[in-house]
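The block underneath contains the structure these notes are about, expressed in structure tokens.
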Amino acid sequence: MRRVAIIGVGCSKFGELWDMGFRDIVISAGIEALEDAGLEGREIEAVYAGNMSAGRYIGQEHIASLIADYSGLAELHVPCVRVEAGDASGGVALRQAYMAVASGMHDVVIAAGAEKVTDVPNAMEILSSSADVEWEVFNGANLPALYAMIARMHMKRFGTKEEDLAMVSVKNHKNATLNPKAMFRREISLETALNSPYVAEPLKLFDCAPICDGASVVILASEEVARRYTDTPIYIKACTQASDYMALHSRRDVTTMDAVVFASREAYRIAKIEPKDVDFAEVHDSFTIAEIIAYEDLGFAKKGEGAKLIREGVTALDGDLPVNTSGGLKAFGHAVGATGIRQAVEIALQLRGDAGKRQVDGEIGLSLNIGGTGATAVVTIFSR
Amino acid sequence: MVGIVSYGTYIPKYRIKVEEIARIWGENADVLKKGLGVEQKSVPSWDEDTATIAVECAREALRRAKIDPKRIGAVFVGSESHPYAVKPTGTIVAEALGIGNDYFCADLEFACKAGTTAMQICYAMVKAGLIDYGIAIGADTSQSRPGDPLEYTAGAGGACFIVGRDCIAEIEGTFSFASDTPDFWRREGKPYPSHGGRFTGQPAYFRHIVEATKGLLDKLGLRPSDFDYAVFHQPNGKFPIRVAQILGFTKDQIKQGLVVPYIGNTYSGSSMIGLASVLDVAKPGERILLTSFGSGAGSDAFSFVVTDRIEGIERNPKVLEKIKECEYVDYGLYVKLRRKIRFG
Amino acid sequence: MLPKFWRKIRSRYNLIGSHCENCGSYFYPPRNICPKCRRKGKVREVQFSGYGKVLSWSVVHDGVENFWLSKPYIVALIELDEGAKIVAPLDCNPDEVREGMRVKAVFRKFGEDGEDGIIYYGTKFVPV
């Protein structure tokens, strides 16, 4: 297996992009990434595109070729693959792209993620199809309700409080103020978060990430090729993926995402590091409880002690282990299939020292992208 | 010996009081309560309909009967509020009971007497040796136009009777009386029924119940005093008391089966829930009269003789206990639950 | 939606799941393959008693379309007495739900495929 590096990153603005269609959003991220890498376009050998539900969100399938086409690659006839794994689609696309380069099959590939959700009124209903539609959603349990049941059990078992969840939201909103592309660039107070209405008790409005439009692109190259294009290649030390039971009720333990535990242990093993070696991370805070559980399942905290990290400021921008420096899904926005790639963009920017006002120190960054309530988890470890 | 093998009932938990409805329409609640002999009525929840009520009462009957569901050979559901205009409620019930696929089935409609007619069909089929057990259900979530006098009484509920040979109450005889009397009707595609006002009384309710009951008594050579209990269809609290009087039955005989003051008129479920309430307390050897009434119009009369087996069947919770367990709703919630508001 | 709903009617109307005779595990909804024993598994159909207890729950304010008339409604993670777990609607007052509360299955309407479409029925739970 060859070492694989990120040589360019691009990201559209995330949010309700009323004046931009799916193609416009993808192009804005794609062009930025090509410019960032200094590529003409001809160098691209394959495209891996993460997208959860273009069929339902925009009524268009076959979007991998569409993306390549509107990225100006049609006449190059490169193979394009759409990857779907719920809201872990981006993470899985990254892994497919990574494997294509690591294996020696390709030298330069695009890993993209894109979702246009605001053309339809039922964005949450569609995202909820990343849970078990027949045996969860049909029974009234959409994604917020499922995460709410996770949260209630975590609170009951470990004493996690609604305040702890609110603090995650406050932190991520604060980080997003420093990120020009974030959807919500305003600080919120703990009171605002705590006083927001319940969506699915105990989760409130400010515990739920907004589903939004957005696209992200990273360009991967083999180590040898990467050196030709950049002085600051960001290496992918490990990119692992694990799955679990589709439905929450089938899982071994509702308060643990075994897929995250499994994928992260494997990633640490491959990268030859331990959780304590991670300097900063982007985790899948589609709901605030998910960030707290991620602390535990990634090994940053013992099971049940995730809330301590947020209470003690460990994961704040100026803490020992900053998490979601971008603003996270909560404040940067959750563009579903784009999120996994968007996380990689943030980590690459941070490791390159290009993260502007939200720059943190660190050698090793980690990203965690989750599909549904944890039926898919992708963990990626990056280093300079 | 063919008769009732087991029975079950279901009454939705919500109730609305006559006062609450009267408040909306500017009527005098005391006058209405006195005139109708009804205090309140049952209201189905947003997720309850005739099919769910039928399933719940049938499941109770089957549980009490302790018989293999596969031995049920027929399912007849009587209602005037079947959830579908075309597509049987009976197959929904049969599937939910797990009786398999070889069964006789159809939905019946004869205003408030379709359930007792279902009982007659099951009785005949068991007697003829076509089936071992038949399920007869009367269930309704009865409709009433907002502001119509019917709104004070149109309730929801149902009862199921499993008919077979090893019975707790033998059907000693049955007799029906019918005529083309349009006292109450609902035209195809209309949401609410219409009625002939006071015409629903003498030429309809009273005439049919009296004639059917007399016909049965003549056929069996019995007199009112031979019965320990009598149950008549109960569209309100007044009619059954008066018809009992006309026929020579006492208030004591009808008291146990008179459930309408607390749950309203449950239409196809009405007289059948009354019968269930009587079976809740009946002792071996006792004789029970049941006469239903369905507008349009007709009455089915039955005479039951309670057998020793009644001691061996679970009869709790009793109908009168179920009636007491309730939660009151206001008129606003009532119109939402009953979907009386147009959504678009 | 029609064939998709119809196909699973048996398991929706009644809690019909599966039981692996090799390892003793119970599953709902039914599975063809035991995830513990895989090829060694002996999976048989089983009808659950319909009794269980609440492990976790949520009072849902912003829920699925078919439940909009009952907002807020409760969904619960329920452990059936046989051991299988299920996520299902729980019909009771939000104030009365407790962890460990005993519940039983009831037959209820889930919604409909529009005003002209078929009606969906299935299993909900109520406090015992």
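We use all heavy atoms of the structure for the numbers below, so side chains are in, but hydrogens, waters and symmetry mates are not. Reminder, nothing fancy here: chain letters follow the sequence lines and each chain counts from 1.
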Q.
If I measure from the heavy atoms of chain C, does B/I53 come under 4.5 Å with its side chain, its backbone, both, or neither?
A. neither
**Q.** Close aromatic pair by centroid cut-off 6.0 Å: C/F110 and C/Y121
**A.** no
Q) In terms of side-chain geometry, is the basic nitrogen of B/E20 or B/R15 positioned less than 4.0 Å from the acidic oxygen of its partner? A) no
Q) chain B: which of C/L69, C/I118, C/D91 shares the most heavy-atom pairs with it under 4.5 Å? A) C/L69
Q) Between B/E39 and B/K17, is the closest basic N to carboxylate O distance under 4.0 Å? A) no
Q.
Taking the six-membered ring for Trp, are B/Y328 and B/Y14 closer than 6.0 Å centroid to centroid?
A. no
Q) Quick one: what part of C/I16 sits under 4.5 Å from any heavy atom of chain B, side chain, backbone, both or neither? A) neither
Q | Atom group of C/E112 that falls short of 4.5 Å from chain B, counting heavy atoms | A | side chain
**Q.** Presence of salt bridge, C/E21 and C/R44, under 4.0 angstrom
**A.** yes
Q: Please state whether the side chain, the backbone, both or neither of C/R12 comes within less than 4.5 Å of a heavy atom of chain B.
A: neither
Q) Can you say whether C/N66 sits under 4.5 Å from chain B via the side chain, the backbone, both, or neither, judging by heavy atoms? A) backbone
Q: Drop me the distance from B/R187's CZ to B/S194's OG, to the nearest 0.5 angstrom.
A: 9.0 Å
(Q) If you count heavy-atom pairs within less than 4.5 Å of chain C, which of B/E327, B/K87, B/K13, B/E95 leads? (A) B/E95
